[in-house]
Amino acid sequence: MIVLRSDVVVIDASTSYRLFIPHSDQAFLELMINERRRKGCLLVAPTLWRYEVTSAITRALQQNIVTAAEAAQAFAVSLVFPIDLVVPNDELTRAAFQWTLKLKRAAAYDSFYLALAEQLACELWTTDQRLANAVGKPWVRYLGQAE
């Protein structure tokens, strides 16, 4: 049995998006993250988190899911969100490549979050139910409450 660290959590872009944009999951996610942070937990993500979150916010604006003011606020919050971004090294990139092959995906974005959580022996928090189902590992924690 794998013992997971409780002092680190990898947060993916789907979770962050629902945390920053008005969403039915927002209050629950704030509670979960604030609870962990009060216990000294470090939030981490691969550097692609910044690109994905920015793209998700601008996509929400273009699709009229949020107003310009909401998008600007979400973007501002994302810039000061207390997350440590990890630049992928060769080892992490190799592990992400293997996850991409294993999941039979064309894109490797999700695989970098998986590889980082695996490397750090911690949970990956996601609101992407398809990802959580595809991986089927207890350390990939689905936090979506409303679809």
Side-chain angles (χ1 to χ4, degrees), residues 2 4-93 95-97 99-100 103 105-147:
I2 298 173
L4 296 177
R5 297 173 60 177
S6 61
D7 62 331
V8 179
V9 172
V10 173
I11 305 289
D12 76 354
S14 71
T15 303
S16 303
Y17 168 79
R18 289 188 184 184
L19 184 64
F20 303 149
I21 293 286
H23 191 279
S24 58
D25 287 343
Q26 192 174 35
F28 172 73
L29 293 172
E30 286 174 355
L31 179 71
M32 293 292 294
I33 287 174
N34 289 336
E35 179 182 306
R36 278 293 181 98
R37 290 201 63 238
R38 273 193 296 279
K39 295 177 181 175
C41 185
L42 182 67
L43 307 176
V44 298
T47 53
L48 68 95
W49 177 91
R50 177 83 58 213
Y51 316 123
E52 287 196 298
V53 168
T54 302
S55 293
I57 293 168
T58 56
R59 187 177 329 109
L61 177 60
Q62 295 302 318
Q63 295 174 349
N64 296 314
I65 295 169
V66 296
T67 65
E70 289 170 330
Q73 174 64 24
F75 179 70
V77 170
S78 77
L79 291 177
V80 297
F81 186 67
I83 192 163
D84 285 7
L85 299 178
V86 176
V87 176
N89 58 20
D90 290 348
E91 180 184 349
L92 186 66
T93 303
F97 180 73
W99 271 110
T100 306
L103 296 175
R105 301 271 175 107
Y109 305 112
D110 293 336
S111 299
F112 276 91
Y113 295 95
L114 291 165
L116 182 59
E118 188 173 52
Q119 184 179 76
L120 296 174
C122 68
E123 286 184 332
L124 165 60
W125 287 3
T126 185
T127 58
D128 182 341
Q129 190 166 27
R130 289 186 313 185
L131 174 63
N133 291 344
V135 175
K137 300 282 186 186
W139 50 269
V140 178
R141 188 165 176 192
Y142 174 67
L143 294 181
Q145 299 298 300
E147 293 299 320

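Just so you know, these numbers come straight off a predicted model, no measurement behind them.
- For Ala96 against Ala115, the heavy-atom pair with the smallest separation is N-CB, 3.6 Å.
- Here the closest heavy-atom approach between residue Thr15 and residue Leu29 is recorded as O-CD1, 3.7 Å.
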What do the steps show when you test Arg105 against Leu131 for side chain to side chain contact (heavy atoms under 4.5 Å, CB included), and what is the final call? CA-CA 11 Å; Arg105 301 271 175 107; Leu131 174 63; 4.1 Å; yes
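- If you take CE on Met32 and CG on Asp25, they are separated by 11.5 Å, rounding to the nearest 0.5 Å.
- Expressed to the nearest 0.5 Å, how far OH of Tyr113 lies from CG of Asp110 amounts to 8.0 Å.
- Remark: the backbone N or O of Leu19 is paired with a side-chain donor or acceptor of Gln26 at under 3.5 angstrom.
- Residues Asp12 and Ser14 have side chains that bring a donor and an acceptor to within less than 3.5 angstrom of each other.
- Rounding to the nearest 0.5 angstrom, the gap separating the CZ atom in Arg37 from the CD atom in Glu30 is 12.5 Å.
- When the options Val10, Asn133, Leu114 are evaluated for a side-chain contact (heavy atoms from CB on, under 4.5 Å) with Val140, the one that passes is Leu114.
- Counting heavy atoms of neighbouring residues, nucleotides and ligands inside a 6.0 Å radius, atom CZ of Phe28 exceeds 12 of them.
- Taking both residues in full, the closest heavy atoms of Ser6 and Cys41 are given as O-SG, 3.7 Å, listed atom of the first, atom of the second, then distance.
- Inter-residue side-chain proximity for Arg36 and Trp125 is flagged as met; some heavy-atom pair is nearer than 4.5 Å.
- Separating the CZ atom in Arg141 from the SG atom in Cys122 is a distance of 12.5 Å, to the nearest 0.5 Å.
- In this structure, Leu143 CG and Leu124 CG are separated by 9.0 Å, a value rounded to the nearest 0.5 Å.
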Counting only pairs under 3.5 Å, give me each side-chain donor-acceptor contact of residues 72-92, with atom names and distances, residues two or more places apart or in other chains.
{"unit_1": "Ser78", "atom_1": "OG", "unit_2": "Phe75", "atom_2": "O", "d": "2.7"}
{"unit_1": "Asn89", "atom_1": "OD1", "unit_2": "Glu91", "atom_2": "N", "d": "3.2"}
{"unit_1": "Asn89", "atom_1": "OD1", "unit_2": "Leu92", "atom_2": "N", "d": "2.8"}

Given Thr127 and Tyr17, is the side chain to side chain contact (heavy atoms under 4.5 Å, CB included) satisfied, shown in steps? CA-CA 9 Å; Thr127 58; Tyr17 168 79; over 6 Å; no
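- Closest of all the heavy-atom pairs between Ala71 and Val66 is CB-CG2, 3.9 Å.
- Taking each heavy atom of Ala107 and Thr100 in turn, the nearest pair found is O-CG2, 3.7 Å.
- Of all heavy-atom pairs between Arg18 and Gly144, the closest is NH1-CA, 3.9 Å.
- Note that CG of Leu103 is 12.0 Å distant from CZ of Arg130, once rounded to the nearest 0.5 Å.
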